[in-house]
Amino acid sequence: AQAPSQTEARTIFLRDCSVCHGADGKGTSKGPTLEGWGRAGVDYVLTTGRMPLPDPTAKTVRRPPKYDEPTIAALADYIATLVPGGPDIPDVNPDDGNLAAGGELYRAQCAACHQWSASGGALLHREAPALHASTATQIGEAVRTGPGAMPTFSDAALTDAQLNSVARYIQYLRSPTNAGGQPLWHLGPVAEGAVALVAAGGLLVVIRLLGSRP
């Protein structure tokens, strides 16, 4: 598809975005300012379908993107001229990352909210999304911009090389190697504990039956 011109991108912005974010991108009572988002923040919310919302009361969750890639790029460029500043779209290369190092970084910085399996989790008054559908670029954008309640990790906190490793590990979690036994959908200790309780209950029933035999 042919990329929209800046004039066309402005028309799309005024039609779909300004009702919440304002014609100047500095926010309204219905939506926050876009200052500080940068091209990375805009690209993240548009490629993940989190914006534009179907209606102002809808939850900000992952959906199929409304625009094609050229339109998203044009909107990111236009908004960058409207409210300058913020991080640019990062260049993330998982193939250059170290899987083991990425695992250590993920468990230290990400697993508390997104679960060790990257399946997402619920927090107080907020929800951390699953990461399996995220592209390497979207992972980098989220790390650099901190969407929602997520903290921002600058290159001082997480270098580009470390970001490559984290992205590689998250992609590995889409289909991780099972060390042995049943993976139990990779849900962690909750599922394992439930199976253990069921198994213990079954053993008690067997023991009771054996003990009651004449």
Side-chain angles (χ1 to χ4, degrees), residues 34 36-51 60-65 69 72-73 76 80 85-196:
L34 301 180
W37 282 34
R39 295 179 72 251
V42 174
D43 186 75
Y44 173 79
V45 296
L46 294 182
T47 58
T48 60
R50 287 176 165 84
M51 291 290 168
T60 307
V61 296
R62 190 180 190 97
R63 299 180 179 88
E69 292 183 8
I72 290 174
D88 200 358
I89 298 173
D91 183 17
V92 186
N93 299 294
D95 292 339
D96 295 338
N98 181 284
L99 183 62
E104 292 181 4
L105 290 165
Y106 178 86
R107 289 186 290 272
Q109 304 291 350
C110 316
C113 297
H114 296 283
Q115 285 198 50
W116 72 270
S117 59
S119 299
L123 305 172
L124 182 63
H125 303 306
R126 64 193 68 174
E127 182 176 336
L131 304 177
H132 298 142
S134 299
T135 66
T137 299
Q138 290 166 355
I139 292 168
E141 290 168 341
V143 166
R144 295 298 186 225
T145 63
M150 179 175 169
T152 301
F153 294 86
S154 67
D155 54 5
L158 200 69
T159 66
D160 291 341
Q162 290 175 322
L163 181 55
N164 290 338
S165 297
V166 170
R168 180 174 180 180
Y169 185 74
I170 291 174
Q171 291 185 344
Y172 160 78
L173 289 177
R174 295 173 181 171
S175 182
T177 301
N178 298 317
Q182 294 294 326
L184 299 177
W185 309 283
H186 302 107
L187 294 179
V190 174
E192 295 165 0
V195 171

Item to check | Pairing residues for Arg174 by the side-chain hydrogen bond (donor to acceptor under 3.5 Å, both in side chains) criterion, not counting sequence neighbours | outcome: none
Checklist entry - Do Leu173 and Leu131 come close enough that some side-chain heavy atom pair is under 4.5 Å? => result no
Checklist entry - Do you know which two heavy atoms are closest between Ala136 and Pro94, and how far apart they sit? => result CB-CG, 3.5 Å
Item to check | Flag for Thr48-Gln138: side-chain donor and acceptor within less than 3.5 Å | outcome: no
Checklist outcome for this item: Here the gap from Tyr44 atom OH to Thr135 atom OG1, rounded to the nearest 0.5 Å, amounts to 9.5 Å
Item to check | Heavy-atom check, side chain of Val92 versus side chain of Asn164, under 4.5 Å | outcome: yes
Checklist entry - Side chains of Ile89 and Glu141: closer than 4.5 Å at any heavy-atom pair? => result yes
Next on the checklist: If I compare all heavy atoms of Thr152 with all of Thr145, which pair ends up nearest, and what's the gap?
Outcome noted: OG1-O, 3.3 Å
Item to check | Polar side-chain atom of Arg62 near backbone of Pro129 as donor-acceptor pair, under 3.5 Å | outcome: no
Checklist entry - Taking the six-membered ring of Tyr169, is NZ or CZ of Arg107 closer than 6.0 Å to its centre and within 45° of its axis? => result yes
Checklist entry - Are Ser165 and Glu104 side-chain neighbours, meaning at least one heavy-atom pair lies under 4.5 Å? => result no
Checklist entry - Under 4.5 Å between any side-chain heavy atoms of Arg63 and Arg50, yes or no? => result no
Checklist entry - What's the shortest heavy-atom distance between His132 and Ser119, and which atoms? => result CE1-OG, 3.5 Å
Next on the checklist: Are the side chains of Ile170 and His114 in contact, using a 4.5 Å heavy-atom criterion?
Outcome noted: no
Next on the checklist: Enumerate the ring pair (Phe, Tyr, Trp, His ring centres under 6.0 Å) contacts for residues 138-161, please, sequence neighbours excluded, ordered by first and then second residue.
Outcome noted: none
Item to check | Check: Asn93 side chain, Asp96 main-chain N or O, donor-acceptor pair, under 3.5 Å | outcome: no
Next on the checklist: Using every non-hydrogen atom in the two residues, find where Arg39 and Ala76 come nearest and quote the distance to one decimal.
Outcome noted: CG-O, 3.8 Å
Item to check | Pairwise distance CD(Gln171) to CG(Asp95) - rounded to 0.5 angstrom | outcome: 8.0 Å
Checklist entry - With a 4.5 Å heavy-atom cut-off, do Asp160 and Arg144 have their side chains touching? => result yes
Checklist entry - What closest approach, in Å, do Pro87 and Gly36 show between heavy atoms, and which atom pair accounts for it? => result CD-O, 3.6 Å
